[in-house]
Structure formats: structure tokens, C-alpha cells
2 protein chains.
Amino acid sequence: MPTTSHSGDVPARSKRADALRNQQTLLAAAAAVFVTSGVDAPIREIAARAGVGMGTIYRHFPTRADLVIAVYRHQVEACAEAGPSLLASADSPLAALRQWVDLFVDFLVTKHGLANALQSDSSGFDALHTYFLDRLVPVCAQLLDAAVNAGEIRPGTHAYELMRGIGNLCIGRDSDSRYDPRRLVELLLQGLQRPQSS
Amino acid sequence: MPTTSHSGDVPARSKRADALRNQQTLLAAAAAVFVTSGVDAPIREIAARAGVGMGTIYRHFPTRADLVIAVYRHQVEACAEAGPSLLASADSPLAALRQWVDLFVDFLVTKHGLANALQSDSSGFDALHTYFLDRLVPVCAQLLDAAVNAGEIRPGTHAYELMRGIGNLCIGRDSDSRYDPRRLVELLLQGLQRPQSS
DNA sequence: GGACAAGCGGAACACTGCTCCGTATAGTTA
DNA sequence: TAACTATACGGAGCAGTGTTCCGCTTGTCC
């Protein structure tokens with residue numbers, strides 16, 4: 001199995017030195033631009049910021065999703081790893097799930113437009129969608145299962161659906177004081193809890 | 001107060017006959033195109049379908065949101081009017097709320113991309129956002145209040161937030177069998193119910 | 001140093017939103 | 001009916017963006 005190396009992080013060997021340098025430059029530039037202009041920023045803007053041509057971007061990151069993934073990989077990884085450790089440290093599986101979801105929401109709402117991109121049907125964000133889900137759904141599923149087994153929440157909810165729902169709730173203008181994604185996510189979690197002695 | 005007439009429905013008088021005809025033609029064409037290509041369909045496509053120039057579209061509907069509003073006005077109106085009548089006919093305020101939300105979700109999921117447009121921060125969808133909210137939030141608020149007063153749900157949730165949350169949950173590729181917006185909306189409503197004798 | 005593959009840059013093309021203005025015509029008046 | 005004018009129409013054209021492609025540059029290896 002040829003460990004495809006996923007075009008990010010510690011880069012594959014046997015590339016030319018300038019290519020490696022450019023890849024890092026691009027990641028830094030993209031990260032900076034994403035902060036100010038969101039993940040939908042024009043490719044030209046990122047290229048200009050990095051001082052490279054557009055061809056260079058497309059060579060390193062064939063789709064925008066590839067670039068986004070590379071930029072945020074560390075954080076996604078951290079979120080994924082937090083799952084099991086929260087499960088071990090928290091008071092209960094439900095508490096762990098709650099904290100984990102909080103982490104996930106944090107991540108989404110601080111990255112301008114990321115939640116949008118995660119759900120957008122058209123455009124080439126499929127890879128992003130896939131990556132996020134592949135990496136985080138199993139983690140979420142583990143937390144969910146644990147909470148179900150502990151009898152804290154009702155069974156029947158799939159991690160995939162829950163995560164997409166949470167992602168969706170985090171979409172929107174982040175400067176609208178009347179809309180706080182966290183409150184709704186909390187409502188969703190409340191709904192998940194099995195009706196106490198109904 | 002000069003009843004701005006909102007560029008839809010029974011059109012304002014004192015326009016040329018051909019203009020009126022074109023307006024109707026455009027509405028029909030847009031409705032048809034929205035079904036197949038979603039509310040993000042290229043303006044050119046709608047113009048071609050209607051057999052008019054692009055200038056004509058922009059004259060009648062200065063922004064895309066105006067066009068969308070005009071096309072769906074009847075249905076939004078129907079949804080708004082359903083609120084009070086459900087409240088009168090349903091078994092309980094909560095039941096009424098539930099049915100109304102169902103109606104709302106129906107509307108959103110059958111209009112390809114509408115839910116997306118409703119939340120999109122950029123682009124000129126502001127008018128759409130405003131129109132929907134102005135028209136439907138009061139209705140939702142009435143249902144919500146009634147349910148709170150009946151002691152069926154906990155107080156503290158704002159209609160605006162709830163509606164945006166529901167709208168958000170309805171975003172997404174409508175052909176993903178693993179994601180059913182209705183299930184999540186139901187979860188949200190569950191979360192709304194006051195904890196039974198906790 | 002020289003050869004050549006790897007990499008680079010950005011012009012060019014495609015697609016879209018939106019504007020602007022010359023042309024056509026509905027409705028009016030004589 | 002014929003002329004006239006306000007109204008409306010059409011679509012060329014501009015601007016912004018994604019994406020490709022190819023001639024030129026440069027790192028690497030001998």
C-alpha cells in the first residue's frame with residue numbers, strides 16, 4: 001500500500017527543494033488569507049500572497065478542498081484524538097460527547113466559511129466533505145455508542161447524521177448576535193438525551 | 001405609505017401590457033428552471049428559457065432574491081397563514097408547532113438550494129433572508145409562545161434562532177440517504193420540550 | 001559545466017453576474 | 001390613421017473567478 005502522503009504535513013521526500021519550499025509558503029499564505037477572506041478566497045489572492053503563480057497552487061493542491069484540508073489537518077487531527085481521551089477523562093460518556101462537540105463547534109465557527117464549504121453540494125469540496133467525515137465520524141460514533149451504552153442517550157442516531165447536523169447549524173454570518181449555533185447544538189444534544197422517565 | 005407592491009403577485013397597474021406579460025413569463029420560466037437547476041441557476045438560463053434578454057430580468061427583478069421571493073411568495077404566504085389555523089385546530093400548541101415546522105421543512109427541502117440561499121452570507125440574498133424572516137418569524141413566535149404558555153416546552157428559545165436553525169438543518173444534497181433533515185429537526189424539537197420531571 | 005526532468009508563471013479560455021445604451025413598440029394624442 | 005414619446009427590450013460588453021496549458025527557468029545529478 002503506497003501511503004499516498006496526502007499532500008500536506010511532513011511532505012513526501014524526493015521532491016525538488018524549491019517545490020517543498022513553495023508548498024510550505026503556500027500553506028502559510030493560504031492560512032493567512034483564510035483568516036481574513038474565508039476559505040472561499042480567490043485562488044489568485046492566495047497565489048499573490050504567496051508570491052507564486054496560479055499554476056503552482058493547482059500543481060500542489062489540485063482542488064480547493066485539498067488546500068483547505070492541508071491547512072487544517074493538524075486541527076482536525078487534534079479533534080479526532082481528543083475523542084478517546086475525553087472519553088477517558090470525562091465524568092460520563094455524555095459529558096465527553098458534549099465536550100467533544102464543543103471542540104468541533106469551536107473549530108467550525110472560528111474558520112470563516114468552513115462550515116459552509118463542508119455542506120456545499122456543488123463545487124469541488126467533495127474531498128473536504130469526505131476527509132472530515134472519514135476522520136471524525138468514527139470518533140463521534142465511538143462517543144455516541146458509549147453514551148448509548150451508558151443509557152444516557154437514546155439509540156438510533158447515526159454519527160454521520162449528527163455531525164452533518166451540527167455542521168449545518170454552524171453555518172451562517174458569524175456576526176449575528178441573534179443566532180448562536182451553540183445554543184442550537186445544545187438543543188440538539190438535549191433532544192438526544194433519552195426522555196427522563198417520560 | 002406607498003405600498004411598494006413587492007414586484008410579484010397581482011402586479012401594479014399602469015405598466016405596459018408587454019411588461020406585464022414578460023413578468024409572468026419570467027416567473028413561470030424561473031419556477032421551471034429553479035426546479036431543475038436550483039435557485040442558483042445562471043440568470044442567462046432563465047432569460048433564455050423565458051425568451052427574453054437579461055436586461056429584462058434585471059429590470060423586473062433587480063436582484064436574484066427578488067425573483068426567488070416572487071416565485072415562492074404564494075407558498076410562503078400559505079405557510080404563514082397555516083400558523084394560526086393549526087394553532088386553532090391541533091390538539092395542543094406543541095402539536096401545532098410540530099405540524100407547522102413540518103410544513104416549513106417540506107417547503108425548504110423541495111426547493112433545491114433554497115435553504116442554502118437563505119443562509120448564504122455573501123451575495124445579494126439579503127432581501128430573501130429578510131423577507132422570509134419578517135413573514136415567518138412572527139408566526140413561529142406565536143406558536144412557540146403558545147407552547148411555552150401551555151407548559152409544553154421550556155421558555156428561552158427565540159423564534160428567529162429556531163427558524164434559522166431549522167433552515168440550516170435543511171441544507172444539503174437532497175439525495176443523501178444517510179442525512180434526513182427531518183430527523184434532526186425532530187431532535188431539535190425534542191430538545192425544546194421541557195425535561196419531563198427531571 | 002552540461003543535460004534534462006521537475007517545477008514555475010501567467011496568459012488565455014470558460015463561465016457568470018451585472019450594466020448600459022441603441023432600438024423597438026405600446027399607448028396616446030391630434 | 002399617423003405621428004410621437006415614454007416605456008420597455010435585447011444583448012454586447014465589462015469585471016471577477018476558476019481552471020488549463022505550455023514555453024521558460026531552475027534544481028539536481030553525472
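Per chain, numbering begins at 1; letters A, B, ... match sequence-line order.
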Aromatic ring pairing A:Tyr72/A:Phe107, orientation class (parallel under 30°, perpendicular over 60°, tilted between): perpendicular

Fellow cluster residues of A:Ile171, listed by chain then number, with links counted only when side-chain atoms sit under 4.5 Å apart: B:Ile171

Test item: side-chain donor near acceptor, B:Tyr160 and B:Arg164, under 3.5 Å: yes

B:Ala41 backbone acceptor or donor facing B:Arg64 side chain under 3.5 Å: yes

Backbone N/O of B:Leu94 and side chain of B:Glu152: donor-acceptor pair under 3.5 Å: yes

Residue-phosphate contact under 4.0 Å: B:Thr56 side-chain N/O, D:dA8 OP1/OP2: no

Rounded distance in Å - CG (B:Leu26) to C1' (D:dG10): 13 Å

Distances under 3.5 Å only, N/O to N/O: pair up the protein atoms with those of nucleotides 22-28 of chain D.
residue	atom	partner	partner atom	Å
D:dT26	O2	A:Arg16	NH1	3.2
D:dT28	OP1	A:Ala17	N	3.0

Polar side-chain atom of A:Asp66 near backbone of A:Thr63 as donor-acceptor pair, under 3.5 Å: yes

Spacing of B:Leu67 atom CG relative to C:dC18 atom C1', expressed in whole Å: 15 Å

Sidechain N-carboxylate O distance under 4.0 Å for A:Arg173, B:Asp126: yes

At a cut-off of 3.5 Å, list every protein nitrogen or oxygen paired with a nitrogen or oxygen from nucleotides 16-20 of chain D, distance to 0.1 Å.
residue	atom	partner	partner atom	Å
D:dG18	OP1	A:Arg64	NH1	3.4
D:dG18	OP1	A:Arg64	NH2	3.4
D:dG18	OP2	A:Ile43	N	2.9
D:dG18	N7	A:Arg44	NH1	2.8
D:dG18	O6	A:Arg44	NH2	2.9
D:dT19	OP2	A:Tyr58	OH	3.1

Gap between atoms NE2 and P, on B:His60 and C:dC18 respectively (whole Å): 17 Å

OP1 or OP2 of C:dC8 under 4.0 Å from side-chain N/O of A:Asn22: yes

Polar side-chain atom of B:Trp100 near backbone of B:Cys79 as donor-acceptor pair, under 3.5 Å: yes

